[in-house]
Structure formats: C-alpha cells, structure tokens
Asker: 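Sharing a structure, written as structure tokens. Questions coming.
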Amino acid sequence: MAKELAKTYDPSGIEDRLYQKWLDKKYFHAEVDESKKPFTIVIPPPNITGQLHMGHALDETMQDILIRFKRMQGYNALWQPGTDHASIATEVKIIEKMKEEGITKEDLGREGFLERAWAWKKEYGGRIVNQLKKLGSSCDWDRERFTMDEGCNKAVNEVFVKMYEKGYIYKGSRIINWCPVCNTSISDAEVEYQEQAGHFWHIKYPILNDDGSESGEYLIFATTRPETMLGDTAVAVHPEDERYKHLIGKNLMLPLMNRKIPVVADEYVDREFGTGVVKITPGHDPNDFEVGKRHDLPIINIMNDNATINANGGKYEGMDRYAAREAIVKELDAMGLLVKIEDHVHNVGTHDRCKTTVEPLVKAQWFVKMDELIKPAQKAVKEGEIRLVPESLQKTYFNWTDNIRDWCISRQLWWGHRIPAYYCADCGETVVAKEAPTKCPKCGGTHFNQDPDTLDTWFSSALWPFSTLGWPEQTKELKYFYPTDVLVTGYDIIFFWVIRMIFSGYEQMGERPFHTVLFHGLVRDDKGRKMSKSLGNGIDPLEIIRQYGADALRLTLVTGNAPGNDMRFYYEKVEANRNFANKIWNASRFIMMNMEDTQPTKPEVADLKPADRWIISRVNRLIKDVTENMEKYELGVAVQKIYDFIWDEFCDWYIEMVKPRLYAKDDTTSRNAALYTLKTVLIDALKLLHPYMPFVTEEIFCTLQEEEESIMVSSWPVYDEARDFAKEEAEIETIKEAIRGIRNARTGMNVPPSKKAQVFVVSDSEEKRAIFTGNSDFFKTLAYASDVIVQADKTGIADDAVSVVIAHVNIYMPLGDLVDLEKELERLKKEEQRLEGELKRVNGMLSNEKFVSKAPEAKIAEEKAKLEKYTKMMEQVKAQIANLSK
RNA sequence: GGGAUCAUAGCUCAGCUGGGAUGAGCGUCCGCUUGACGUGCGGGAGGUCACAGGUUCGAGCCCUGUUGGUCCCACCA
C-alpha cells in the first residue's frame, strides 16, 4: 500500500518530526573521510545571551542552503556550530539581572560572579541552539563548541603567548576609548559616532611675557569640550601661520589651574578652521595625544574611570564631566575669558553597546600590533585568494586594512578569557605564559598576580575557524576540514570579525581560513527600519515558523535578495511562500493519487510524448541553471527559477497537458510515460528545492519514493545532454503561445459560456486539418492545452501532437486571428535590425586582428558559433518578412 | 571630507560579464465550484528602467555630470 500525504499541508505536523529523524540518523554528522572532498562552514557563533532574531534566521538559512547543496553534491559537508561567550554583552546582562536582586559585581567578587556567569551560560546558551534547530539547520551538533570552552581557551592562550613572544602583542600606555558606564576600555571598532547638537565655546587664554607677567594679550580658540582644559598642557598653532608666528615658544597662563603652558607649532593645526588655534589636551584627545608625543608634552589625566573629575582637576574634583563643563564655562565667563558660544553640530563617539559617550583616556592596556599582521590579509583579498561576495565590499575592507591601527584587546571585565600575563609580586616582572609561572625568572620570587583584565571577545572569535577544529592540537579534523570553505555573515561585522579571522588564519595556520566570504544585509521591517527592541518592531522568527512553517520563512529570507543587500520583511511574502509549499504539496498529492498502487516503469524513449520531452528538457535546463547560480552564491536567483519552474511550467502547464492521458486509462503506455515523467521531474525539482525548503521536500520525497530514506542524502541532479530536447521545447512554446492566443481571443469575444465555439486548426499542408469543438469556457482553461495535443494526436493531424505547427495556425470565425500581422511584421523588422547589428558586431570582432590573435580560443569559437546562429536566424527572419509582406 | 550603494509596474524588490522590459511577490480590475490545490485557475490594466549628455550597430546594464535617498569610514579642536 502506497504511503499518502496528509490532505492538507500543515508544516507544524511535519517539521519537528523530520528534524528528529535527521538527528537520529546522524545525517548532519561529518567524520573525516579521505575518500571524499570536504566542504566546511563554521557558524558565526551566536551570543549566548541571544534570542533568535531575523538576522540569525537569514544567516543560518543561507549557510544551511549551501551545506545541504554541497552535501547532496557528494561533498563531506561539515557545518561546525557553536556559541560565543560575548564578553561585554553577557556581562552587562548579568549585571542588569543582579541589579534587580540588589546585588553588584563587587558584592559577589570575581569568583562568585563567574559562577553566576557560567550558570547563565548553562541556562541560556542552549536556548539559542534549540531555536536554530527550529529553522532546520543541519549543523553537526556532536561538534558543538563554545568560545570559552577548554579547547578555545587553550587556543587563546597559545596565540597570546606566541604573539607576545613575537612582539605582536604588547602592553603600553596609549590613548584608548573608555566607556565610563561599562567601566572598560573598548576598541576603535566598538566606537559608534553619533551626530549631536553641541556648542562651540570660544575661550581665550592670557599670553605671558618672558618674565611670567601677563602681557595683556590673549589667544582665542574654540572648543566643544571646555572641561578638558583642566588637562591642557599646550596650545598649538600652525608653524607657518603669520598671525601667531611670533608667539611660538611663548607661554600662556592656563586659567583656573594657573599652570604655565607653552605655545607650540604643529602642522596638525588647520589655519583655516576657527581661529587657527587649538588647545592641546594629550590626556583626553587622540589627536592631541599625538601632538603631545611630538612636542614631549606632559599628559595629565583629569578623569576618574566613572568620568568624574579627579584630583588633577583641582577644585572640580568629584564633579561629573558635564557638571564640570557647566561650572567651568560659568567661571570663565565670570573671569571675562569666555568670548562667545556658538551652536555646533558634531559627531560624538559613543559605545556601541550602551551608547554612552566614550571618554578618550590614557591607560596602560594590551594591544595587538597590526602593521605586519595585516599584510597577508590585504594581499589575500587583493590577489583573489579570498573572495568577497559581493565584490564591492572590497573597498570597505581595504579602507579598514589600509588605515589599520593597533587593536586594544584588554577589557576591564570579568567574563572572558583572562589575559595570561603574570606579575611578580616581589619585583614586578611580567611573565606571559600559558600556565601560571612558579618562579620569577628575574628575582626568583614565587608569588605572582595574574593580570586582572580579560580579552576583547573578538580575540577568541578571530580564532574560531581553527580553534573549533581542535587547534592547537594537530587533530585529524584540523588537517582535513581546514581551511574552511565559505564564511556567511552580515556586512556589519566585517571589521570586528571577518578581517580579524583572516589575519589570524594566516598568522597562526599559515593559510587562509576560507576562500569565500558571502555577505548578507540586514533584515528590516516593512517600513525599512532596523528591527530593534526600543522600537518594538522586531518580528520573532519562531512565531513566523509557528504560523507558516520554517520552509516558508527560509524561502522568504532568500528570495529576491542579492548578496550584501538589506531586505524588508513582509508577512505577505511569507504567506506567498507558504502557499508555494502548499502548491507543491497538492501537486504531489495529485501525482500520487494517479499512481495509486503502481509505480510507473521507465518508458521507452519513443513512448515519451513531446510534452514529456519538453518538461524533461526544461527540468534539465533548470538543473544546469540552478547549479550554476548556486555555485556563484546567487541563492535568490536560483530559487526564483525553481519556484517559477514548479509553479508555472510544471503545475500550470505540464500537469494540465497530461491530465487527459492520465484519465484515459486504456492507453497504458501513454499513461505510464506521463506518470513516469511526472514522478521523475517532480523528484528532480524537489531535490533542487531541498536546500531551501528542507521539510516539505523531505516529506514528499519520502512518501513518493518509498525505497529511499531521505532526500537530504540523495544525490544532486546533474545536467544530462541526452535529456536536452530543443525541438520539443520550441514546439511546446509555440503551442503555449497559440493557447494563450486562443484565450485572449476568447476573452475579447466575450462569448456566453453556454455556446459552443469551434476552433479550426490548420497546419501548413491542407490535408492535415482538424476541427476542435468544445464549450467556450473550456477553451479558457488550461485543460484545453492538453486537449489540443491529444486531439491532434488522435486525428492524425501530425505524427506527434506537438508537430502541429501553431505558428501557421489560423483560428477562424468568431475567434479572429491568432496573430496580429502588423504587430508581427513590426516585431520581425525589429528583429532584423537587431540581427543586423549583432552580425556587424560579430563580424567586426572576428575580422579584428587583435581580437583574433589575443582572445582565448573558447571566446573565438563562441563568437563564430554566434555568427553562424545569427546568419541562420537572419535568413529565417528575412523569409518570414517576405512571407508576411505578401 | 573620503568611499560605497541605490533610483525599474501602485508598494517591495529581481534582472548574471551591454543584445527584444523575460520580470516576481503583494495590491488592483475582469472572468472561472475545470475530477491536486480558492493557500486555487485563466485573463487584463499599470513601466520615457531618476534626469542630462556620451560610447556602441545596440544601454536598465559601460563612461561623465546632475538631483534625491541609504550606509560605511574619517572626525576640524
């Protein structure tokens, strides 16, 4: 007894069941197997704090499509999953939760806090993984990793020590971005600039005579941050500036602080901007820091970690930076040193996590020296060893690599990889080592304090492609699956992650981590806005899955979307795609109903009708196109073609054409050929669709194909020249055109449904004439198409149905002309013109010596073939024009 | 300031290296209980492919400029 599909398509009834089956059968699991070629993707590890959002859904869907595609193509496909500890994001969340309980980090202490953090990881780390499963992700869950698991931790220490020894990691006092709310340093990449309305305070400092007395003259300048004046150690002018040349080397009196500060000359100053005078605060401005280095100026830090003024700020000590600003302006005004206040819009650096205005501070931090490290990463993309899709992102990539600055990697956080640096309690010697040292190499002391800082969360992510495969151990997995193949991720983390993985891959492994980076954009709401918590416009993928099924969601996310482009999310789209799943479901049910208990047998080639050959040829072409598109990562284009084929060609045309043959049970040969074709073509189409819609395709496949256990381990269809039937394709196209013509004519005529209409079909030879009659509504239906063919066959109008040359068909009487002669003539003339141009071009190319001598042979052959093709077409067109003109 | 990218049907978007706008989904209008599907079937309306030049036999696609939008980087205090 044949299995049956449920009468209605209900994704919730099949998805969980099938996923469990795949897990049980271990289809996702990949083992090293030297006889097969590997194909590897490492997942961008979602944060353990995260809930599945549309961005994940898109990211995972694209990866799953590629992995399933390659797996079916026979590759040993590994999708390496895992999660990210997301140091700062997680720590902030845990602290928030603790706040509700009235506890602070300090109450718990480092140990206690970490205990809580691990408990958090245990509770929420699994949540996102379960959500990924709902999407149908075929990750090898047996290999799941975590950025802070033992292996990854080992990899981090290994890299840190190695790079420290090579001089690529160093500790130094440099100006860094400080977040006073999160209480940690952050890297340049984490600073987000926001346009804010502010002010320009024009202030003047008194100029001193050489003997230290006030000269009565002033130097005027403008600042957006008056409070930083507390830390001013100079004022700068341009060396060539005639207005101020005489003042260079003189001193000024820094008001409020009563500190003598020099006037220095530096090219950094823009003479055109403002008054051409800049106050220099090396301790709180990155540019000033550089100026300060050049002129050997003292660095005064005037702020505490929480952005209040410290003891260096004199009487302002203890005030918040903004309160101090107000007080200082007020006082300067009282002293007559405030010239004026202007409104000014400027960009303010904020912390991307908490949006707090960052404070540039000079602090001792750990850095990765980038200048040498970045070189292989630049070269790799430049020379095409690593391909970015879309290519336009190369510019963004190079913009970053060409202006790379050292990477601040230390964070004043507790949740993360602790820096493996130890300081001797006796002599202060720094020891960087994988294991805690026991004896100080300098003084022999045995007491050490480990550096309290942790590493930037991206430090461990940078090692992800090889740490997950076992590095630093030389595992068989590492040797086999590395380098990985494709990295799929959003363009928003190109700096944070992609570039860092690339240079880390070259540095640690001596090899690229992957050959292609496939970028996607953001999923926005239907108004084009980013989905965000504060707007409350986020759409929960799990809710969509509950309503429409994972298949519909997946299709929605990849259809009509080019790499690297943002997309908008519409419920209508999901609905349309759910309808598509329903369509396939019903078409499959129809085919199975007709098969009843008997599986069709392979027909003789001669028994295949033109319509059969046509659809076989079409699916064959589809296989070729889709495979090519997918290999070029054009996932949206590929699936659009599958969609069109299944709905339009297969369901709306082929199934309708074939119906009369299915109902005519006496002609078993024809019926078998039709059923066989239906089944095989459907299977090919299902296979092509499987990477996109894994669940429906699996359910149908398993019901239809009783002997095979799963579509996901079946083989990807291959284009076969023997299944290419150009003649039938052209003929059916003609028939289709004719049928459309009939429908149009009918619509125009508005014949009452009850009346019978007649269609006269005449081929080019007089004796092959037939008359078809039917209910006029009948002509409007697609069933008519099949009837034309079947009738034509039966009446012997032609040897096979499709050779009814409808281009020569005339439809008489109430239906009017099928072809508008004038329009046709116009079309042909246009075609003639086009061909003329085309011929000219090809001829021109082929007679061009440079082209013939330099172009690759394949290209020349192609052009020659075109020449031949166009010549023939030209003849035909000319003949047709002559014919019609009569 | 530098760069990227977009401007195609009422809306949202595809359109590969230049070769008949081949378009899709939704919406809209007309018609259909046709023995898989109304989550369906058939048909229609709707486009000077932002604007202006240029290259070409031929441009939505290439070049130049203009306008408008989005994003990234830098940050002139």
Side-chain angles (χ1 to χ4, degrees), chain A residues 5 7-9 193 200 221-225 228 235-236 268-270 272-281 285-288 291 346-349 390 392-396 398-400 403 491-492 494-495 521-522 526 528 548 556 559-562 564-573 575-594 625 628-629 632 634 636-637 640 643-644 651-652 655-656 659 662-663 739-740 743-744 746-748 750 753 775 777-784 827 830-831 833-841 844 866 870:
Chain A
L5 283 179
K7 186 130 197 266
T8 50
Y9 166 65
Y193 286 91
F200 243 152
F221 58 88
T223 177
T224 53
R225 302 190 52 201
T228 61
V235 164
Y268 153 71
V269 179
D270 178 356
E272 310 298 316
F273 189 82
T275 56
V277 181
V278 186
K279 72 190 227 10
I280 301 298
T281 322
D285 183 283
N287 290 311
D288 294 5
V291 174
H346 61 149
N347 279 326
V348 177
S392 58
L393 281 168
Q394 280 192 6
K395 297 239 176 183
T396 311
F398 290 130
N399 186 34
W400 180 265
N403 300 300
Y491 63 74
D492 50 332
I494 182 165
F495 307 130
L522 266 40
D526 58 351
Y548 302 97
T556 304
T559 311
N561 185 238
N565 281 7
D566 289 355
M567 60 169 303
R568 296 191 192 197
F569 191 91
Y570 285 95
Y571 279 90
E572 291 86 343
K573 261 197 201 168
E575 214 169 292
N577 290 322
R578 188 269 325 266
N579 294 353
F580 176 57
N582 183 62
K583 183 73 185 175
I584 307 167
W585 187 269
N586 280 303
S588 305
R589 262 182 64 225
F590 175 73
I591 293 167
M592 287 184 231
M593 272 168 52
N594 281 289
D625 287 355
E628 279 174 9
N629 285 133
K632 286 192 278 184
E634 296 164 354
V637 178
Q640 187 65 246
Y643 182 103
D644 290 343
C651 291
D652 288 349
I655 291 185
E656 295 302 334
K659 271 179 178 172
L662 296 178
Y663 300 148
I739 289 165
R740 287 200 199 98
R743 288 177 187 148
N744 289 347
R746 287 288 314 126
T747 310
N750 202 16
N775 182 290
D777 278 337
F778 183 64
F779 291 119
K780 289 185 178 180
T781 70
L782 280 170
Y784 179 74
R827 188 187 71 83
K830 248 183 160 179
E831 175 75 0
Q833 214 179 353
R834 183 181 80 82
L835 286 171
E836 216 168 89
E838 198 64 21
L839 281 170
K840 201 169 163 185
R841 180 187 69 86
K866 274 186 186 170
Y870 293 141

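Labels below follow one simple rule: chain letters A, B, ... track the order of the sequence lines, proteins then strands, and each chain is numbered from 1. Note that the structure is predicted; figures quoted are calculated from it, not measured. Both backbone and side-chain heavy atoms feed into the values below; hydrogens, waters and symmetry mates do not.
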Asker: Would you please confirm or rule out a distance under 4.0 Å between OP1 or OP2 of B/rG3 and any side-chain N or O of A/K395?
Answerer: no
Asker: Could you tell me how far B/rC73 sits from B/rU56 if I compare only their C1' atoms? Round to whole Å.
Answerer: 37 Å
Asker: Once you round it to whole Å, what is the distance between C1' of B/rG3 and CG of A/L393?
Answerer: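 For the pair A/L393 CG and B/rG3 C1', the rounded distance is 12 Å.
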Asker: Which value, in whole Å, describes the distance between the P atoms of nucleotides B/rU5 and B/rA52?
Answerer: 24 Å
Asker: Can you name the closest pair of heavy atoms from A/A222 and A/F200 and give their distance?
Answerer: CB-CD2, 3.7 Å
Asker: Determine the contact category for A/Y570: base if any of its heavy atoms lies under 4.0 Å from a base atom, sugar-phosphate if only primed atoms, P, OP1 or OP2 are that close, otherwise nothing.
Answerer: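 Sugar-phosphate contact only.
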Asker: For the pair made of CG in A/N565 and P in B/rA14, what is the distance, rounded to whole Å?
Answerer: 5 Å
Asker: When the nearest nucleotide of RNA chain B is assigned to A/D526 and to A/T396 on a heavy-atom basis, which residue is associated with the more 5' position?
Answerer: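 The residue mapped nearer the 5' terminus is A/D526.
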Asker: Please state how far atom CH2 in A/W400 lies from atom P in B/rC72, giving the value in whole angstrom units.
Answerer: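 Between P of B/rC72 and CH2 of A/W400: 13 Å.
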Asker: When the P atoms of B/rG47 and B/rC11 are compared, how many Å lie between them, rounded to an integer?
Answerer: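 To the nearest whole Å, 12 Å.
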Asker: Nearest whole Å is fine: how far is B/rA14 C1' from A/D625 CG?
Answerer: 15 Å
Asker: Starting from the 5' end of RNA chain B, give me the residue, A/T559 or A/Y193, whose nearest nucleotide shows up first.
Answerer: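 The residue closer to the strand's 5' end, by nearest nucleotide, is A/T559.
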Asker: With rounding to whole Å, what would you report as the distance between B/rG44 and B/rU55 at their P atoms?
Answerer: 40 Å
Asker: Measure CG/A/D566 against P/B/rC13 and give the value in whole Å, please.
Answerer: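 Going from A/D566 (CG) to B/rC13 (P), I get 10 Å.
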Asker: Taking the side chain as C-beta and beyond, is there a heavy-atom pair between A/N579 and A/Y9 under 4.5 Å?
Answerer: no
Asker: Below 30° counts as parallel, above 60° as perpendicular, anything between as tilted: where do the rings of A/F495 and A/W400 land?
Answerer: parallel
Asker: In whole angstroms, how far is the C1' atom of B/rA74 from the CG atom of A/N287?
Answerer: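 About 10 Å, once rounded to whole Å.
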Asker: According to the Watson-Crick and G-U wobble definition with distances under 3.5 Å, which dot-bracket string, read 5' to 3', encodes RNA chain B, using [ ] for crossing pairs and | for pairs with another strand?
Answerer: (((((((..((((.....[...)))).(((((.......))))).....(((((..]....))))))))))))....
Asker: If the P atom of B/rA74 is compared with that of B/rG58, how far apart are they to the nearest Å?
Answerer: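 The same atom, P, in both gives a distance of 46 Å.
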Asker: Quick one, give me the B/S/- string for nucleotides 23-28 of chain B, reading 5' to 3', where B means a protein heavy atom under 4.0 Å from the base and S means that only happens at the primed atoms, P, OP1 or OP2.
Answerer: -SSS--
Asker: On a whole-Å scale, what distance lies between the P atoms belonging to B/rG1 and B/rC57?
Answerer: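 Their P atoms lie roughly 40 Å apart.
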Asker: In whole Å, what is the span from the CG atom of A/N629 to the P atom of B/rC16?
Answerer: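 So the two atoms are 11 Å apart, to the nearest Å.
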Asker: Listing time: all N or O pairs from protein to nucleotides 35-38 of chain B that are below 3.5 Å?
Answerer:
from   : atom 1 : to     : atom 2 : distance (Å)
B/rA36 : O2'    : A/N586 : OD1    : 3.0
B/rA36 : O2'    : A/R589 : NH1    : 3.1
B/rA36 : N6     : A/E656 : OE2    : 3.1
B/rA36 : N3     : A/N586 : O      : 3.2
B/rA36 : N3     : A/A587 : N      : 3.2
B/rC37 : O4'    : A/N586 : OD1    : 3.4
B/rC37 : O4'    : A/N586 : ND2    : 3.4
B/rC37 : O2'    : A/N582 : ND2    : 3.3
B/rC37 : O2     : A/K583 : NZ     : 2.9
B/rC37 : N3     : A/K583 : NZ     : 2.9

Asker: Taking the side chain of A/F495 as heavy atoms from C-beta outward, which of B/rC16, B/rC73, B/rA77 is closest to it?
Answerer: B/rC73
Asker: Could you check how far CG of A/L522 sits from P of B/rC6, rounded to whole Å?
Answerer: 17 Å
Asker: Determine the minimum heavy-atom distance between A/F221 and A/V277, stating which atoms define it.
Answerer: CB-O, 3.3 Å
Asker: Ignoring hydrogens, what is the shortest heavy-atom contact between A/D288 and A/K279? Give both atom names and the distance.
Answerer: OD2-O, 3.3 Å
Asker: Might you point out which heavy atoms bring A/G276 and A/V269 nearest each other, and give the distance in Å?
Answerer: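 Taking every non-hydrogen atom into account, O-CG1, 3.4 Å.
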Asker: Please state whether the base of B/rC75 and the side chain of A/N347 form at least one donor-acceptor pair under 3.5 Å?
Answerer: yes
Asker: Can you tell me, in whole Å, how much space there is between the P of B/rC41 and that of B/rA24?
Answerer: 14 Å
Asker: Please work out if A/R568 contacts a base, only the sugar-phosphate, or nothing of the nucleic acid, heavy-atom cut-off 4.0 Å.
Answerer: sugar-phosphate
Asker: What are the two closest heavy atoms between A/V291 and A/Y268, and how far apart are they?
Answerer: CG2-CD2, 3.5 Å
Asker: Picking from A/R568, A/M567, A/R578, what satisfies side-chain contact (heavy atoms from CB on, under 4.5 Å) with A/K573?
Answerer: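 The residue from A/R568, A/M567, A/R578 that satisfies side-chain contact (heavy atoms from CB on, under 4.5 Å) with A/K573 turns out to be A/M567.
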Asker: For a quick check of understanding: with a heavy-atom distance under 4.0 Å over all strands, which category does A/F580 fall into, base, sugar-phosphate or nothing?
Answerer: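 No contact.
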